[in-house]
Amino acid sequence: MKVLLCGGAGYIGTHVALAFLEGGHKVGIFDDFSSGLRENVQAGTTLYEGSILDEKALEATLSDRWDVVVHLAAFKAAGESMTNPSKYAHNNITGSLNMIRLCERHSIKKFILSSSAAVYGEPVYLPIDENHPLKPMNYYGYTKQVIEDNLRWFHSLAGMNYVSLRYFNAAGYDRDGRMKGLERNPANLIPVVMEAALGKRERLDIFGDDYPTADGTGIRDYVHVTDLADAHVKGAEYLMENDSSLTVNLGSEEGLSVKEILDEARKVSGIDIPYRIVGRREGDPAKLVASSTLARQRLEWTARHSSLEELIETTWKAYKG
Ligand code: UDP
């Protein structure tokens, strides 16, 4: 099939491109390089440079007859979305509506969205399945909810079929080292731990050790980016074979604490990574763990590379260079 990856030069998009290329598909990358990196545009893909906010550029690219469009072109820093909501409203909401509208105009009826567990907010029960109430606690999560809502409307009003993939904590790197450029200014735990190991930052700040968890630090469901990438290919196959839409969680269904991540990173790197305990970060729930039963049932997807060891080893390999 012929697939356009909007945001295909970013951290997740690059891995998604690799997965589609491995499946023998034709891959186009549409990216404005605001956070994506040119060195991550994979050989064998066709590059279309542009922003989802630039209707002309987007329209010119979308007119190129795509079977499936994948939307990975969003900003994703939850903390920043609370201090700069305009940036997120503009890119994530306006940009996504541009994509949905222009796909409709060009009769592209198969759409895959990078969504997020941030749509759920503070968990009411665990593990979180797709029926869990949606009550995002940050503006970033709200932008994803708005895009999902619009996809649902365009599904019923314009026959647009979509697969919305609600990622839990994306982590890890391609184990064959094909992703060359690292994320700039990462804010997520594992890259921050790596930067602290390499002396790129003074230390890791652990946001609270007084949560009601075994070691007091926050627990998350980390899912390897190679597993996430595989789900996009399965989502695209689903859209090619079914005249329907689907929203699924993507997680490993295992909870790992901040301290477990730090300890494994110390073990793998052999470095006594400096850290200190600071106050809780606003909006951080104690524990988030996915149920991915639906993805297993409907996409035959399961996380195969998301063990603690593989998450940390592949990230360390990428950072160590
Ligand atoms: N965390 C931390 N220090 C950091 C970054 C994150 O202690 O510098 C913790 C955070 O409180 C949460 C977990 O690590 O419990 C994962 O945070 P991240 O920002 O990676 O993802 P989130 O779960 O917020 O989407």
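Hydrogens, waters and symmetry mates are skipped; everything else that's a heavy atom, side chains included, is used. Read the numbers this way: they start at 1 and go in the same order the structure lists the ligands and their atoms.
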Is the NZ or CZ atom of [X] positioned over [Y]'s six-membered ring, under 6.0 angstrom from the centre and within 45° of the axis?
| X | Y | result |
| --- | --- | --- |
| R280 | Y211 | yes |
| K87 | F75 | yes |
| R38 | F33 | yes |

Those atoms of ligand 1 less than 4.0 Å from some heavy atom in [X]:
| X | result |
| --- | --- |
| N169 | 16 (C), 21 (O), 22 (P), 23 (O), 25 (O) |
| G218 | 15 (O) |
| N188 | 18 (P), 19 (O), 20 (O), 21 (O) |
| I206 | 7 (O) |
| D205 | 2 (C), 3 (N), 4 (C), 7 (O), 8 (O) |
| A187 | 5 (C), 19 (O) |

key: Nearest neighbour of atom 16 (C) of ligand 1 from the list Y222, F207, Y211, on a heavy-atom basis   =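 Answer by nearest heavy atom: Y222.
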Quick one: nearest non-hydrogen protein atom to [atom], plus distance?
| atom | value |
| --- | --- |
| atom 20 (O) of ligand 1 | L189 N, 2.8 Å |
| atom 9 (C) of ligand 1 | V258 CG2, 3.6 Å |
| atom 10 (C) of ligand 1 | D284 OD2, 3.4 Å |
| atom 23 (O) of ligand 1 | R220 NE, 2.7 Å |
| atom 24 (O) of ligand 1 | R281 NH2, 2.8 Å |

key: Parallel, tilted or perpendicular, as decided by the 30° and 60° cut-offs, for the rings of Y319 and Y173   =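 Judged by the thresholds at 30° and 60°, the geometry between Y173 and Y319 is perpendicular.
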request  = Evaluate the ring planes of Y142 and Y139, with Trp represented by its six-membered ring, and classify them as parallel (under 30°), tilted (30 to 60°) or perpendicular (over 60°).
outcome  =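 Ring orientation of Y142 relative to Y139: tilted.
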query = Does a side-chain N-to-carboxylate-O contact under 4.0 Å join R220 and E260?
reply =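 No, this pair does not count.
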query = Going by an N to O cut-off under 4.0 Å, is there a salt bridge joining K267 and E264?
reply =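 Looking at E264 together with K267, the answer is yes, because their closest N to O distance falls below 4.0 Å.
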query = Same hydrophobic cluster for L294 and Y162, using side-chain heavy-atom links shorter than 4.5 Å among ILVMFWY?
reply =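 No, because L294 and Y162 fall into different hydrophobic clusters, even though each may have its own neighbours under 4.5 Å.
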